[in-house]
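Note sheet for the following structure.
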Amino acid sequence: MKIAVLPGDGIGPETTRAALAVLAAAGEAFGFSPELTEHAFGGNAIDAHGDPFPDVTRAALGGADAVLKGAIGGPIWDVGAIRPEQGLLALRAELGVYANVRPIRRWTTKLTSPLREDLVDGLDFIIIRELTGGLYFGPKELTDETGMDTCRYSVEEVERVCRYAFDLARERRGKVCSVDKQNVLSSSKLWRRVVTERVAPDYPDVELSHQLVDSMAMKLVEQPAAYDVIVTENMFGDILSDLAASISGGIGLAPSSSLGAQRPGLYEAIHGSAPDIAGRGIANPTAMILTVAMMLRDLEQPAAAAAIEQAAIHALEHGPTTPDLGGTASTDDIGAAIAARLADHEVTT
Ligand code: NAD
Ligand code: IPM
Ligand code: MN
């Protein structure tokens with residue numbers, strides 16, 4: 001199991017360190033030994049190499065089974081000619097990871113949601129965000145007078161990510177909600193046509209619904225438990241997933257995987273580098289730890305993945321927790337507590 005680790009910037013390295021402690025403990029408890037290599041990526045790579053995705057890092061990803069990435073970016077790189085985020089888009093494109101899988105679960109009823117309890121009871125859906133097309137990657141232009149981004153999708157780009165969503169729905173509750181803005185955007189008209197005419201007919205057992213993205217934001221607040229699989233284009237998925245993470249209990253809890261036709265997949269939390277709390281050792285590493293669980297499931301270690309999730313839920317229910325969840329523990333405390341529970345697992349099985 002070869003894992004390329006990109007610790008990133010801000011709380012990236014802090015949360016990654018805690019997640020790696022959990023990965024090491026899982027390896028010991030379940031009898032596998034991950035081979036880890038660390039590489040510059042993001043703002044730190046701009047500082048060291050003048051490039052957020054330098055060739056040395058690019059070259060190292062080829063032989064990896066998975067890429068585990070901490071959050072990148074921060075105010076000190078916001079003013080430069082080249083930004084850390086450009087490296088992230090280049091990485092996603094290079095790996096061809098078109099399906100960004102963002103599970104949104106109420107991991108435990110102990111979590112406080114900004115929404116009323118009866119609204120989030122049973123919350124369990126997955127956002128499939130298209131990740132290598134749309135506004136992020138279309139032609140761009142910036143002059144003194146105008147700025148332009150282009151949202152462009154091909155039939156093939158829409159079809160493959162929607163097929164991923166339908167396949168996933170088959171393993172779950174059999175419902176897909178496709179989110180678009182087809183009342184205005186041509187790219188969304190294409191999106192709706194492809195999902196309806198080219199994909200859905202192959203899945204008569206899956207129930208397809210459509211929702212315009214503006215009213216979807218409303219629906220996610222008013223009846224989030226109604227959803228199973230949500231599939232949408234890149235930018236809409238970015239926005240809706242932070243909202244979804246928040247209502248499930250907090251942005252520090254939401255993991256993700258990004259998958260393409262082949263390995264390596266890319267594994268990252270959905271939150272950012274949190275410049276407001278970086279360097280204080282108080283970031284919540286749960287999202288990165290649950291991201292490691294997603295990675296291990298894809299690397300055929302389902303028992304280890306499940307044990308990590310159980311241990312993370314135990315910590316959410318009984319502590320320790322970080323300040324975002326009302327606790328006083330540090331980032332490393334959470335990693336150590338979850339790692340220790342996995343070590344106990346070794347003794348009891
Ligand atoms: P952010 O997610 O970094 O922070 C938003 C808020 O959530 C902040 O108050 C932060 O303290 C809090 N938060 C986020 N993660 C947390 C955690 N694990 N534990 C506790 N609190 C947490 O979003 P932002 O402030 O809009 O962006 C900051 C930087 O991160 C930007 O440069 C942005 O481009 C970058 N970013 C990177 C990624 C990535 O690498 N995948 C994702 C999102 C944003
Ligand atoms: C995310 C982030 C990134 C995105 C940024 C940092 C480029 O917000 O992974 O959700 O917009 O995809
Ligand atoms: Mn985002």
Side-chain angles (χ1 to χ4, degrees), residues 6-19 41-46 52-53 67-80 82-93 95 97-102 104 111 114 127-137 149 232-246 248-258 266-291 312 316 320-335:
L6 316 176
D9 311 313
I11 65 165
E14 303 170 28
T15 54
T16 301
R17 186 170 66 188
F41 184 76
N44 62 82
I46 295 179
F53 186 20
V67 178
L68 182 65
K69 186 198 137 286
I72 51 107
I76 60 169
W77 300 287
D78 282 354
V79 287
I82 180 148
R83 294 185 55 120
E85 291 83 353
Q86 285 165 260
L88 180 51
L89 301 197
L91 172 66
R92 289 168 176 172
L95 297 178
V97 287
Y98 59 82
N100 181 205
V101 183
R102 297 186 153 187
I104 302 294
L111 290 166
I127 297 178
I128 303 301
R129 169 190 177 195
E130 200 292 325
L131 200 62
T132 52
L135 269 183
Y136 282 59
F137 291 93
D149 301 280
T232 191
E233 70 92 37
N234 201 341
M235 178 76 148
F236 299 159
D238 179 45
I239 297 168
L240 293 178
S241 53
D242 274 28
L243 187 158
S246 171
S248 78
I251 189 90
L253 301 172
S256 92
S257 64
S258 302
L266 173 63
Y267 297 84
E268 49 179 330
I270 81 166
H271 64 72
S273 58
D276 53 339
I277 57 165
R280 293 163 52 196
I282 57 164
N284 188 347
T286 306
M288 268 308 267
I289 290 167
L290 293 170
T291 296
L316 294 174
T321 57
T322 41
D324 56 310
L325 299 182
T328 55
S330 72
T331 309
D332 286 330
D333 290 340
I334 309 300

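This chain uses plain numbering: 1 for the first residue, then up along the sequence. Indexing begins at 1, ligand by ligand and atom by atom, following the structure's order.
Among Ser273, Pro75, Ala71, the residue whose heavy atom lies nearest to atom 30 (O) of ligand 1 is Ser273. Considering only non-hydrogen atoms, atom 10 (O) of ligand 2 lies nearest to Asp238 out of Leu131, Ile72, Asp238.
Of all protein heavy atoms, the one closest to atom 21 (N) of ligand 1 is Ile277 CD1, 3.6 Å. In terms of protein heavy atoms, atom 34 (O) of ligand 1 is closest to Glu85 OE2, 2.4 Å. Looking only at heavy atoms of the protein, atom 25 (O) of ligand 1 is closest to Pro275 CD, 4.3 Å. Counting only heavy atoms of the protein, atom 43 (C) of ligand 1 lies nearest to Gly272 CA, 3.3 Å. With hydrogens left out, the protein atom closest to atom 42 (C) of ligand 1 is His271 O, 3.2 Å, a heavy atom. Closest to atom 8 (C) of ligand 1 among all protein heavy atoms lies Asp276 OD2, 3.3 Å. Looking at atom 7 (O) of ligand 1, its nearest protein heavy atom turns out to be Ile251 CG2, 3.5 Å. In this structure, the protein non-hydrogen atom closest to atom 41 (N) of ligand 1 is Glu268 OE1, 2.9 Å. Nearest non-hydrogen protein atom to atom 6 (C) of ligand 2 is Glu85 CG, 3.7 Å.
At a heavy-atom distance under 4.0 Å, no atom of Arg83 approaches ligand 2. Using a 4.0 Å cut-off between heavy atoms, Arg92 contacts ligand 2 through its side chain alone, with no backbone atom that close.
Among the atoms of Ile72, some N or O lies under 3.5 angstrom from an N or O of ligand 1. Taking only nitrogen or oxygen atoms, main chain and side chain alike, Arg102 reaches within less than 3.5 Å of ligand 2. Remark: ligand 2 and Arg129 share an N or O pair separated by less than 3.5 Å (distance only, no angle test). Residue Asn284 has at least one N or O atom closer than 3.5 Å to an N or O atom of ligand 1.
The number of heavy atoms from other shown groups lying within 6.0 Å of CZ (Arg17) does not exceed 12.
For Ser330 and Asp332, the side-chain atoms include no donor-acceptor pair closer than 3.5 Å.
Close approach of ligand 2 to Tyr136 (heavy-atom distance below 4.0 Å) involves ligand atoms 4 (C), 11 (O), 12 (O). Of all atoms in ligand 1, numbered sequentially from 1 with element shown, those under 4.0 Å from a heavy atom of Gly74 are 32 (O). Close approach of ligand 1 to Ile11 (heavy-atom distance below 4.0 Å) involves ligand atoms 15 (N), 16 (C), 17 (C), 18 (N). Against a heavy-atom cut-off of under 4.0 Å, Gly252 is close to the following atoms of ligand 1: 17 (C), 18 (N).
Atom 5 (C) of ligand 1 is never approached by the protein to below 4.0 angstrom, counting heavy atoms only. For atom 2 (O) of ligand 1, the nearest protein heavy atom is under 4.0 Å away.
Not a single N/O/S atom of Asp242, whether from backbone or side chain, sits less than 2.8 Å from the Mn ion (ligand 3).
Lys69 counts as a contact of ligand 1, since one of its heavy atoms falls under 4.0 Å from the ligand.
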